[in-house]
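Note sheet for the following structure.
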Amino acid sequence: MSFPARHGEELLAHAERNLGRFEQRALDPETAAARAAEASGHTGAAPANAHAAVAVTLLPDKGGRGCFLLTRRSLRLRRHRGQWALPGGRIDEAETPEQAALRELHEEVGLDLDSSAVLGRLDDFGTRSGFVITPVVFWCDDYRELAPNPAEVYRAYRIPLIDLDRPDVPVLREIPESENPVLSMPIRGGLVHSPTAAIVYQMLEVVLRGNDVRVAHYEQPVFAWR
């Protein structure tokens with residue numbers, strides 16, 4: 001294993017060093033939305049406020065293992081209910097991606113962090129539905145109880161980082177609808193699909209393994225295109 005398994009100063013220094021030398025690639029939301037519409041065969045206007053942020057949060061479990069935070073979306077939601085997700089949502093006017101991700105962390109799972117917890121950003125990911133997602137990496141020093149908001153989150157999970165360090169990661173699958181493969185990640189006995197899977201995979205490669213890996217070209221499953 002090429003990264004510390006325990007949550008603490010060694011893992012923090014490792015993540016800061018790797019993110020410090022990583023050059024994040026940003027996408028313009030309007031351009032990405034137009035490309036997504038063209039690729040999907042839709043000519044309608046891009047969704048309003050098509051820029052979102054998600055929180056990639058490194059935090060410990062009760063045993064002190066290094067983990068990241070992953071949720072299952074509420075079954076009450078109209079769209080994408082029950083799917084795996086990173087805490088996040090649309091960026092409000094005058095918000096930065098960091099501010100939006102911090103707000104969503106609090107609203108979705110009751111985790112209060114501040115700007116000092118920001119480690120950096122991963123690459124923007126343009127979705128088939130026309131959104132640009134900016135992933136922000138956060139560090140949570142200590143164990144804190146989570147309080148998932150039932151209106152948005154069915155359950156919140158601390159996924160041990162060592163669970164990602166396996167030979168069958170990532171899972172790539174060809175589909176007739178695209179020239180690019182769908183990227184998925186095996187987590188908790190099932191598959192997490194892109195865009196969440198692509199962001200988690202880049203976190204593994206960039207933050208934990210120190211590799212300059214890009215994921216924006218990977219495809220989402222067709223059911224996530226709308």
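No experiment lies behind these values; they were computed from the predicted model shown.
Using a 4.5 Å heavy-atom threshold, the side chains of V56 and V136 count as separate. Side-chain contact between F138 and L59 is absent, with no heavy atoms from C-beta onward closer than 4.5 Å. Here the side chains of N18 and V207 are not in contact, with every heavy-atom distance at 4.5 Å or above. Residues L86 and L70 have side chains in contact (heavy-atom distance under 4.5 Å, counting atoms from C-beta outward). Counting only heavy atoms from C-beta outward, the side chains of M203 and L164 approach each other to under 4.5 Å.
Hydrophobic clustering keeps L111 apart from Y143 (ILVMFWY residues linked when any side-chain heavy atoms are closer than 4.5 Å, directly or through intermediates). Taking hydrophobic clusters as Ile, Leu, Val, Met, Phe, Trp and Tyr residues chained together by side-chain heavy-atom distances below 4.5 Å, L204 shares a cluster with V213. There is a path of hydrophobic side-chain contacts, each under 4.5 Å, that joins V200 to V169.
In terms of the ring-ring contact (aromatic ring centres under 6.0 Å, His included) criterion, residue partners of Y157 (sequence neighbours excluded) are, by chain and number, W84. Residues passing the side-chain hydrogen bond (donor to acceptor under 3.5 Å, both in side chains) test with T134 are H51, D124, sequence neighbours excluded.
At least one donor-acceptor pair closer than 3.5 Å links the side chain of T71 to the backbone N or O of A85. A donor-acceptor pair under 3.5 Å links the side-chain atoms of Q220 to the main chain of R128, judged by distance alone.
Around atom CZ of R214, more than 12 heavy atoms belonging to other residues, nucleotides or ligands sit under 6.0 Å away. Heavy-atom neighbours of H14 NE2 from other residues, nucleotides or ligands within 6.0 Å: above the threshold of 12. Within 6.0 Å of the CD atom in E16, the count of heavy atoms belonging to other residues, nucleotides or ligands exceeds 12.
For the residue pair H217 / N180, no side-chain donor-acceptor distance below 3.5 Å is found, with atom types taken as modelled. Side-chain atoms of E205 and N211 include a donor-acceptor pair closer than 3.5 Å. Donor-acceptor pairing under 3.5 Å is recorded for the side chains of S178 and E219.
A salt bridge is absent between R90 and D92: the closest approach of a Lys/Arg side-chain nitrogen to an acidic carboxylate oxygen does not fall below 4.0 angstrom. Taking the charged nitrogens against the carboxylate oxygens, R21 and D212 have no contact shorter than 4.0 Å, which rules out a salt bridge. Using a cut-off of 4.0 Å between Lys/Arg side-chain N and Asp/Glu carboxylate O, R103 and E107 are scored as salt-bridged.
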What verdict does the salt bridge (charged side-chain N to carboxylate O under 4.0 Å, His left out) test give for R188 and D163, after you've listed the backbone C-alpha separation in whole Å, the side-chain angles of each residue and the deciding distance to 0.1 Å? CA-CA 9 Å; R188 291 188 62 89; D163 286 2; over 6 Å; no

